[in-house]
Amino acid sequence: MLVRNQLAELVAVAVSAAQAAGDLPAFDVPPIEIGRPKDPKHGDFSSTVAMQSAKPARMAPLAIAQAVVKHLPQADVVQTADVLPPGFINFRLSPRWLAHFVESIESEGMRYGNVDLGRGRTCQVEFISANPTGPLHMGSARNAVLGDAVARVLEAAGWTVQREYYLNDAGTQMRTFAETLYRRYKQAFGEDAPLDPTHYQGEYMIDLARQVQAAEGDRFLKLSPEEAIDALGRLGLEIVMQWIRHSVDLLGIRFDCWFSEKSLYDDGLFDKIMTTLRGQGQTATRDGAEWLLTSNFGADRDEVLIRSNGQPGYYASDVAYHYDKFVLRGFDRVIDVWSVDHQNQARRMPFLMKALGLDPARLDILIYDLVRLYRDGKEVKLSKRSGDIITIDEVVEEVGKDAVRFLLLSRANQSVIDFDLNLAVQQNEENPVFYIQYAHARMASILRTATERGFAAGSWAGGNLDLLGHPSELTLLGKLAELPEVIEKAALQLAPHSLVFYLQDLAATFHAFYRDCRVISSDPADAELSRARLRLVAATKNVFARVLTLLGVSAPESM
RNA sequence: GCCCCCAUAGCUCAGUGGAUAGAGCGUCGGCCUCCGGAGCCGAAAGCGCAGGUUCGAGUCCUGCUGGGGGUACCA
């Protein structure tokens, strides 16, 4: 159980006991929340229950706090519980308990920090889902690493997670893609086939056409334009999918499922849902189009399902796709990771859920803000259509997966990221990922050095943890014990960036410990203390590796 | 016009309604004779403006100013 929850229980018991003893009146006790004081001298945890109870109990907060502390049950975890004006109850964790906390970290290993918010329930995280009409560009990189990190955090929080890429292989964009490829393909044979302004202007379409030319020759020229466009569209899609898989792989991401939008129509699911919705009277025909009457569920407007040209609109796909997720595949929860461009669409999703008879709370739309790319001090605009793109592959090959992931995960989701390509290339102390990885490498180095100086690998396992008690050791131990709270918070808020800030904090705490406490001593009299400290270093290294893994960033043994 | 997000130190950003608002970079001043100085210690420096709610507001509400995004029978 989280330390915070243990303390909350102790306080709850104390309040009841105080009431039973007549030291507190009967009143509605507010939910007991345990917080972390900003200032460490106020202790490790604090409760504001006394201030919150002042009004209902009609008592001075200070007196309430004193009554609570008086009835606080004994517990190993608590060293002291102090009352401070205006009514804070401050807890300090027991040094002995903290020191032995190392044993928990050792036994849990790379599972340490896990919490059980999910209780095994299933959660699908759908992310990237960029149109397969070209290589993944840097605009999708934030989506990619955020979605993956959220998936990792949710797994650590007890959810059974499935990662999915939704392939928009239906609709007009695919048609435009196929037409563009057809013209580039003809151009490759020297034919005059100029692009329209609506076509994809990017150079990569030329590469794609040449690739087809090399592999397939001129056989598509012999088909009718319609047949050729169809065939080239399918072939081009396959090739682009290979590009996308490669980029995703470079970022260290694995998808469990690549879901085809087209399959929603080919497999008859869309028709089936339309029949159901019509039967329920949830659609209406107006202006030649068929609408889903979301205004019946509180929306300020209805949504077009089938356009007046007879083609389904994108909302139709969303309806069928989410029906498939929740009803056919039965996910308890779904998270769609969308850029801020889709904020309007996101607001309409709850109505879609209601129209399908589903609880909107089961669907989270995780909105993140833009990434602005800068090169040589100028913003670089990204657009597949204009052809001005910087691919994920280019950037990852230039600055590495770790830097890309770390930089893109070190901001809150709702803040804009300015990604300076020139700066990211500089692999120096200005790059925060190196600070973190350095700390891990330093710990690895300490353990290596220990084995060279007579502490056989693992021989410190029996080190006497009771010897740990230096303030810097206790601070480090307290920070290590925070991890479950950090993971819980990251999972609840779908905000992996808090892991980054935790790591920076932990690194600083470790460096302070390293400064104050010599781990490997040449004095034989300190051998036992060294073994205890080596256990602490190994536990800290484990926590670093754990959190870096949650971020998808590697934890180097040396740099 | 309407809707959403943002505004915190010189710069880039954290900050679950709690106590003296933090970190990195930059600036200034210190620290390597046994573990990695890619590190550590210290200093200067901040919540856009005006109201409101609350025992308590950077955090919640309203208005204003400034920046970004969104407002299709396109996805």
Side-chain angles (χ1 to χ4, degrees), chain A residues 33-39 41-42 46-48 51-52 54-55 60-61 84-88 90 129-131 133 168 170-174 176 261 286-291 300 303-318 339-347 367-370 372 410-418 420 423 427-432 434-435 437-439 441-450 452-453 485 488-489 492-493 497-498 500-502 504-505 507-508 510-512 514-523 530 533-534 537 558-559:
Chain A
E33 286 160 15
I34 301 293
R36 286 273 189 180
K38 283 179 189 160
D39 189 337
K41 78 168 185 281
H42 289 128
S46 68
S47 169
T48 56
M51 277 102 89
Q52 291 168 324
K55 192 172 271 185
L84 263 84
F88 289 100
N90 293 334
S129 302
N131 289 330
T133 54
N168 299 110
T172 55
Q173 301 212 36
M174 269 325 287
T176 306
E261 177 186 11
R286 215 161 50 224
D287 307 326
E290 186 165 4
W291 302 68
D300 53 10
E303 303 291 346
V304 169
L305 287 174
I306 299 183
R307 296 186 273 158
S308 52
N309 67 4
Q311 295 298 309
Y314 71 88
Y315 200 82
S317 293
D318 275 348
S339 82
V340 70
D341 301 318
H342 299 84
Q343 55 177 265
N344 207 47
Q345 185 185 355
R347 251 205 313 284
I367 297 286
Y368 62 92
D369 218 300
L370 304 174
R372 283 197 291 241
S410 58
R411 297 281 181 274
N413 299 333
Q414 69 276 15
S415 66
V416 178
I417 296 181
D418 290 331
D420 187 324
L423 201 72
Q427 307 214 357
N428 58 23
E429 70 282 353
E430 286 187 34
N431 199 332
F434 292 101
Y435 177 75
Q437 294 185 318
Y438 173 75
R442 185 182 243 182
M443 288 174 234
S445 170
I446 292 171
L447 298 180
R448 274 196 305 272
T449 305
E452 287 160 11
R453 299 203 188 166
E485 291 166 56
E488 184 183 85
K489 180 185 168 188
L492 285 172
Q493 302 182 350
H497 77 283
S498 49
V500 170
F501 286 87
Y502 171 74
Q504 285 172 344
D505 223 22
F510 173 75
H511 287 308
Y514 176 83
R515 179 196 65 229
D516 296 335
C517 302
R518 168 148 288 276
V519 178
I520 304 166
S521 172
S522 54
D523 185 347
S530 285
R533 286 179 171 167
L534 284 167
V537 170
S558 65
M559 294 173 68

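In what follows, chains carry the letters A, B, and so on, assigned in the order in which the sequence lines appear, proteins first and then strands, with residues in each chain numbered from 1.
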Among [options], which is the nearest nucleotide to the side chain of [X]?
{"X": "K41(A)", "options": "A75(B), U20(B), A14(B)", "answer": "U20(B)"}
{"X": "R442(A)", "options": "G70(B), A14(B), G39(B)", "answer": "G39(B)"}
{"X": "R515(A)", "options": "C40(B), A75(B), C6(B)", "answer": "C40(B)"}
{"X": "Q52(A)", "options": "C6(B), G39(B), C55(B)", "answer": "C55(B)"}
{"X": "S308(A)", "options": "G15(B), C73(B), G18(B)", "answer": "C73(B)"}
{"X": "A289(A)", "options": "C73(B), A75(B), C55(B)", "answer": "C73(B)"}
{"X": "R453(A)", "options": "A75(B), A14(B), C34(B)", "answer": "C34(B)"}
{"X": "V304(A)", "options": "C73(B), C5(B), A75(B)", "answer": "C73(B)"}
{"X": "V519(A)", "options": "C35(B), G18(B), G36(B)", "answer": "C35(B)"}
{"X": "H497(A)", "options": "G18(B), G15(B), A75(B)", "answer": "G15(B)"}

Distance between the [atom1] atoms of [N] and [M], in whole angstroms?
{"N": "A14(B)", "M": "U53(B)", "atom1": "P", "result": "31 Å"}
{"N": "C3(B)", "M": "U59(B)", "atom1": "C1'", "result": "23 Å"}
{"N": "G70(B)", "M": "C28(B)", "atom1": "P", "result": "42 Å"}
{"N": "C11(B)", "M": "G30(B)", "atom1": "C1'", "result": "25 Å"}
{"N": "G63(B)", "M": "U20(B)", "atom1": "C1'", "result": "32 Å"}
{"N": "C41(B)", "M": "C60(B)", "atom1": "C1'", "result": "39 Å"}
{"N": "G58(B)", "M": "A19(B)", "atom1": "P", "result": "9 Å"}
{"N": "A44(B)", "M": "A9(B)", "atom1": "C1'", "result": "10 Å"}

Can you tell me whether the side chain of [X] and the base of [N] have a donor-acceptor pair closer than 3.5 Å?
{"X": "S46(A)", "N": "A19(B)", "value": "yes"}
{"X": "R518(A)", "N": "C34(B)", "value": "yes"}
{"X": "Y438(A)", "N": "A38(B)", "value": "no"}

Under 4.0 Å from OP1 or OP2 of [N]: is there any side-chain N or O of [X] that close?
{"X": "Y435(A)", "N": "C40(B)", "answer": "yes"}
{"X": "T449(A)", "N": "C35(B)", "answer": "no"}
{"X": "S415(A)", "N": "A14(B)", "answer": "yes"}
{"X": "K38(A)", "N": "G18(B)", "answer": "no"}
{"X": "R347(A)", "N": "C3(B)", "answer": "no"}

Nearest non-hydrogen partners of [X] and [Y], listed with the distance:
{"X": "Q345(A)", "Y": "D318(A)", "answer": "NE2-OD2, 2.7 Å"}
{"X": "P432(A)", "Y": "Q504(A)", "answer": "CB-NE2, 3.6 Å"}
{"X": "Y435(A)", "Y": "H511(A)", "answer": "OH-CD2, 3.6 Å"}

Length of the line joining [X]:[atom1] and [N]:[atom2], which is rounded to integer Å:
{"X": "F88(A)", "N": "C55(B)", "atom1": "CZ", "atom2": "C1'", "result": "11 Å"}
{"X": "Y368(A)", "N": "C13(B)", "atom1": "OH", "atom2": "P", "result": "17 Å"}
{"X": "I34(A)", "N": "G18(B)", "atom1": "CD1", "atom2": "C1'", "result": "13 Å"}
{"X": "M174(A)", "N": "A75(B)", "atom1": "CE", "atom2": "C1'", "result": "13 Å"}
{"X": "D341(A)", "N": "C5(B)", "atom1": "CG", "atom2": "C1'", "result": "12 Å"}
{"X": "H42(A)", "N": "A21(B)", "atom1": "NE2", "atom2": "P", "result": "11 Å"}
{"X": "N344(A)", "N": "C5(B)", "atom1": "CG", "atom2": "P", "result": "13 Å"}

Just to be sure I understand the rule, does [X] reach a base, reach only the sugar-phosphate, or reach nothing, if contact means heavy atoms closer than 4.0 Å?
{"X": "T48(A)", "answer": "base"}
{"X": "D505(A)", "answer": "nothing"}
{"X": "N90(A)", "answer": "base"}
{"X": "F501(A)", "answer": "sugar-phosphate"}
{"X": "S339(A)", "answer": "nothing"}
{"X": "A412(A)", "answer": "sugar-phosphate"}

Determine, answering yes or no, if [X] is stacked on [N] under the 5.5 Å centre rule and the 30° plane rule.
{"X": "F434(A)", "N": "A38(B)", "answer": "no"}
{"X": "Y514(A)", "N": "C35(B)", "answer": "yes"}
{"X": "H511(A)", "N": "G39(B)", "answer": "no"}

**Study point:** Donor-acceptor pair, side chain of R453(A) and main chain of I520(A), under 3.5 angstrom
**Key:**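 Checked: no pair found.
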Would you say that [X] contacts [Y] through its side chain, given a criterion of any heavy-atom pair below 4.5 Å between the two side chains?
{"X": "L534(A)", "Y": "I446(A)", "result": "yes"}
{"X": "Y315(A)", "Y": "V304(A)", "result": "no"}
{"X": "S46(A)", "Y": "R36(A)", "result": "no"}

Review point. Going through the checks in order, is the side-chain contact (heavy atoms from CB on, under 4.5 Å) test met by M443(A) and Y514(A)?
Key: CA-CA 9 Å; M443(A) 288 174 234; Y514(A) 176 83; over 6 Å; no
Table of protein N/O atoms under 3.5 Å from nucleotides 66-68 of chain B N/O atoms:
none

Point to revise | Distance in Å, I417(A) CD1 paired with R372(A) CZ, rounded so as to fall on 0.5 Å steps | key: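 Here the interatomic distance stands at 11.0 Å.
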Exercise for review: Would you give the length of the straight line joining atom CZ of R411(A) to atom CG of D418(A), rounded to the nearest 0.5 angstrom?
Suggested key: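 Between atom CZ of R411(A) and atom CG of D418(A) there are 8.5 Å.
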Point to revise | Distance-only side-chain donor-acceptor flag, Q173(A) / N131(A), under 3.5 Å | key: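 There is such a pair between these side chains.
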Practice item. Could you tell me whether the side chains of S339(A) and D341(A) share a donor-acceptor contact shorter than 3.5 Å? Key: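 Yes, D341(A) and S339(A) have a side-chain donor paired with an acceptor closer than 3.5 Å.
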Exercise for review: For C32(B), decide between syn and anti, treating a glycosidic angle within 90° of 0 as syn.
Suggested key: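 You should classify C32(B) as syn.
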Point to revise | Pair pattern of RNA chain B in dot-bracket, where unpaired bases get dots and | marks partners in another strand, Watson-Crick or G-U under 3.5 angstrom | key: (((((((..((((....[...)))).(((((.......)))))....(((((..]....))))))))))))....
Practice item. Please step through side-chain contact (heavy atoms from CB on, under 4.5 Å) for the pair Q414(A) and D369(A), ending with a clear verdict. Key: CA-CA 5 Å; Q414(A) 69 276 15; D369(A) 218 300; 5.5 Å; no
Practice item. Give a yes or no on whether the ring-centroid distance for H497(A) and Y368(A) is below 6.0 angstrom. Key: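 Here the rings of Y368(A) and H497(A) have centres that are no less than 6.0 Å from each other.
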